[in-house]
Amino acid sequence: MLLFLAYPSILGVHVNMKSFVFWQKIKRGVHVLDYSAGAIYHEVRRRRDLRIKEVKGDLHQSTISHLEHDQSDMTLRTMVKILRPTFMSAEEFCRLIDNGSETSTAIFKQIAHYYDSTDLAGLYDLLASYKEQNILTTPNKMVILMIQSCIDELSQHETLFSKEDCDFVQDYLLRPGRWFSFEYIVFANLAFSMPAKINLRISKKMFHAYQQFHLPSGW
């Protein structure tokens with residue numbers, strides 16, 4: 001936690017225990033890539049380790065492929081549907097295109113609600129229902145680990161994540177590629193459950209990623 005509180009002027013982070021809201025401000029002179037909608041969706045899908053069959057829902061696989069190659073247009077309703085598995089909101093996606101800011105998703109608000117009210121039973125129920133209702137994609141596993149981290153902290157358990165889980169998290173966050181809001185939220189909420197050495201390594205990557213790219217905001 002303290003890692004993030006120490007750099008408020010850099011990250012622009014408002015912290016309420018595990019309720020992290022990132023208000024990222026563009027620095028003068030920082031260049032932001034202007035990607036097309038298809039290219040941005042392709043980048044986010046690949047960044048989250050999602051295959052086309054995991055995001056297409058009831059759509060044909062070629063529909064997603066044509067979208068990513070900017071060979072077809074798509075309705076907003078369909079766009080929202082294929083964004084859902086990526087954990088990128090329609091607002092964040094649209095604002096990436098027109099240089100706006102990001103929002104969180106409903107699951108993060110649920111986690112924050114139970115955590116802030118120290119409702120362990122609520123967190124256990126949320127963990128069980130989330131595992132039951134969602135396939136185990138990379139983003140979904142990160143959410144499960146977030147909930148487990150909150151449970152461990154409120155239960156005053158001293159144990160850290162297993163080596164397998166720590167390796168999974170750091171391999172994901174340290175890989176090449178831009179950080180979007182989801183990556184910041186993952187690290188902010190999982191730092192409690194990982195060793196200091198791993199947190200230091202990821203924090204260096206985080207600041208490097210932030211200097212390379214961060215979502216501009218008019219706020």
Student: My understanding is that only residues two or more places apart in sequence, or in another chain, count here; which of them pass side chain to side chain contact (heavy atoms under 4.5 Å, CB included) with His208?
Tutor: Gln212
Student: My understanding is that only residues two or more places apart in sequence, or in another chain, count here; which of them pass salt bridge (charged side-chain N to carboxylate O under 4.0 Å, His left out) with Lys163?
Tutor: Asp167
Student: Test your reading of the model: is there a side-chain donor-acceptor pair from Asn199 to the backbone of Met194, 3.5 Å cut-off?
Tutor: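 Yes, Asn199 side chain to Met194 backbone: donor-acceptor pair under 3.5 Å.
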Student: Taking atom NE2 of His60 and atom OG of Ser65, what is their separation to the nearest 0.5 Å?
Tutor: 10.5 Å
Student: Output all residues satisfying salt bridge (charged side-chain N to carboxylate O under 4.0 Å, His left out) with Arg84, sequence neighbours left out; order by chain, then residue number.
Tutor: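 Per chain and number, Arg84 pairs via salt bridge (charged side-chain N to carboxylate O under 4.0 Å, His left out) with no residue.
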Student: Do Leu67 and Met79 come within less than 4.5 Å of each other through their side chains, counting heavy atoms only?
Tutor: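 Yes, at least one pair of side-chain atoms sits under 4.5 Å.
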Student: Sequence neighbours excluded, which residues qualify as side chain to side chain donor-acceptor pair (under 3.5 Å) partners of Thr78?
Tutor: Thr75
Student: Side chains of Phe187 and Ser203: closer than 4.5 Å at any heavy-atom pair?
Tutor: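 Answer yes - side chains close enough.
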Student: CG of Leu59 to NE2 of His66: how many Å apart, nearest 0.5 Å?
Tutor: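 Reported value, rounded in 0.5 Å steps: 13.0 Å.
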Student: Partners of Lys81 by side chain to side chain donor-acceptor pair (under 3.5 Å), sequence neighbours excluded?
Tutor: Asp58
Student: Do Ile135 and Val143 sit in the same hydrophobic cluster, where Ile, Leu, Val, Met, Phe, Trp and Tyr count as joined when their side-chain heavy atoms come under 4.5 Å apart?
Tutor: no
Student: Hey, can you tell me if Tyr184 and Trp179 have their rings parallel, tilted or perpendicular (30° and 60° cut-offs)?
Tutor: perpendicular
Student: Can you tell if the side chain of Cys150 reaches within under 4.5 Å of the side chain of Ile111, non-hydrogen atoms only?
Tutor: yes
Student: So, taking the atom named CE in Met142 and the one named CG in Asn189, what distance separates them when rounded to the nearest 0.5 Å?
Tutor: 12.0 Å
Student: Check whether any side-chain heavy atom of Thr86 sits under 4.5 Å from a side-chain heavy atom of Phe93, and report yes or no.
Tutor: no
Student: State which residues pass side chain to side chain donor-acceptor pair (under 3.5 Å) with Ser155; sequence neighbours excluded, sorted by chain then number.
Tutor: none
Student: With rounding to the nearest 0.5 Å, note down the distance linking CD1 in Ile52 to CD1 in Ile64.
Tutor: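 Atom-to-atom, Ile52:CD1 and Ile64:CD1 are 7.0 Å apart.
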Student: How would you list all residue pairs meeting side chain to side chain donor-acceptor pair (under 3.5 Å) that involve residues 118-135, not counting sequence neighbours?
Tutor: Tyr130-Asn140
Student: Would you call Asp49 and Lys141 a salt bridge, taking side-chain N to carboxylate O under 4.0 Å as the test?
Tutor: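 Looking at Asp49 and Lys141, the cut-off is not met.
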Student: A side-chain contact here means heavy atoms from C-beta on lying under 4.5 Å apart; do Asp152 and Leu160 qualify?
Tutor: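 The answer is no, as the side chains (C-beta and beyond) never meet within the 4.5 Å cut-off.
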Student: Working to the nearest 0.5 angstrom, can you tell me the gap between Ile107 CD1 and Lys109 NZ?
Tutor: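 With rounding to 0.5 Å, CD1 (Ile107) is 12.0 Å from NZ (Lys109).
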Student: Holding to salt bridge (charged side-chain N to carboxylate O under 4.0 Å, His left out), I want the full list of residues that pass it with Lys205, two or more places apart in sequence or in another chain.
Tutor: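 In terms of salt bridge (charged side-chain N to carboxylate O under 4.0 Å, His left out), with neighbours along the sequence ignored, Lys205 is linked to no residue.
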Student: Are the side chains of Leu50 and Thr138 in contact, using a 4.5 Å heavy-atom criterion?
Tutor: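 Thr138 does not reach Leu50 side chain to side chain.
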Student: Could you pull out all residues at least two apart from Arg77 that satisfy salt bridge (charged side-chain N to carboxylate O under 4.0 Å, His left out)?
Tutor: none
Student: Listed by chain and number, what are the ring-ring contact (aromatic ring centres under 6.0 Å, His included) partners of Phe182, not counting sequence neighbours?
Tutor: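 With neighbours one apart ignored, the set is Phe87.
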Student: Rounded to the nearest 0.5 Å, how far apart are CG of Leu96 and CD1 of Ile40?
Tutor: 5.0 Å
Student: Distance-only, no hydrogens or angles: does the Ser117 side chain make a donor-acceptor pair with backbone N or O of His113 under 3.5 Å?
Tutor: yes
Student: When you compare the side chain of Tyr41 with that of Met88, does any pair of heavy atoms fall below 4.5 Å?
Tutor: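 No, every pair of side-chain atoms sits at 4.5 Å or beyond.
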Student: Taking the side chain as every heavy atom from C-beta outward, state whether Ile82 and Arg45 have any pair of such atoms under 4.5 Å apart.
Tutor: no
Student: Under the side chain to side chain donor-acceptor pair (under 3.5 Å) test, which residues partner Arg48, sequence neighbours left out?
Tutor: Tyr172, Glu183
Student: How far apart are the C-alpha atoms of Ile144 and Leu136, what are their side-chain angles, what is the distance that settles it, and do they pass the side chain to side chain contact (heavy atoms under 4.5 Å, CB included) test?
Tutor: CA-CA 9 Å; Ile144 288 170; Leu136 195 60; 3.8 Å; yes
Student: Taking ILVMFWY side chains as joined if any heavy atoms are under 4.5 angstrom apart, and letting links pass through other members, which residues group with Leu76?
Tutor: Val80
Student: Indicate yes or no for a side-chain donor-acceptor contact from Ser193 to the backbone of Leu190 under 3.5 Å, with no hydrogens or angles considered.
Tutor: no
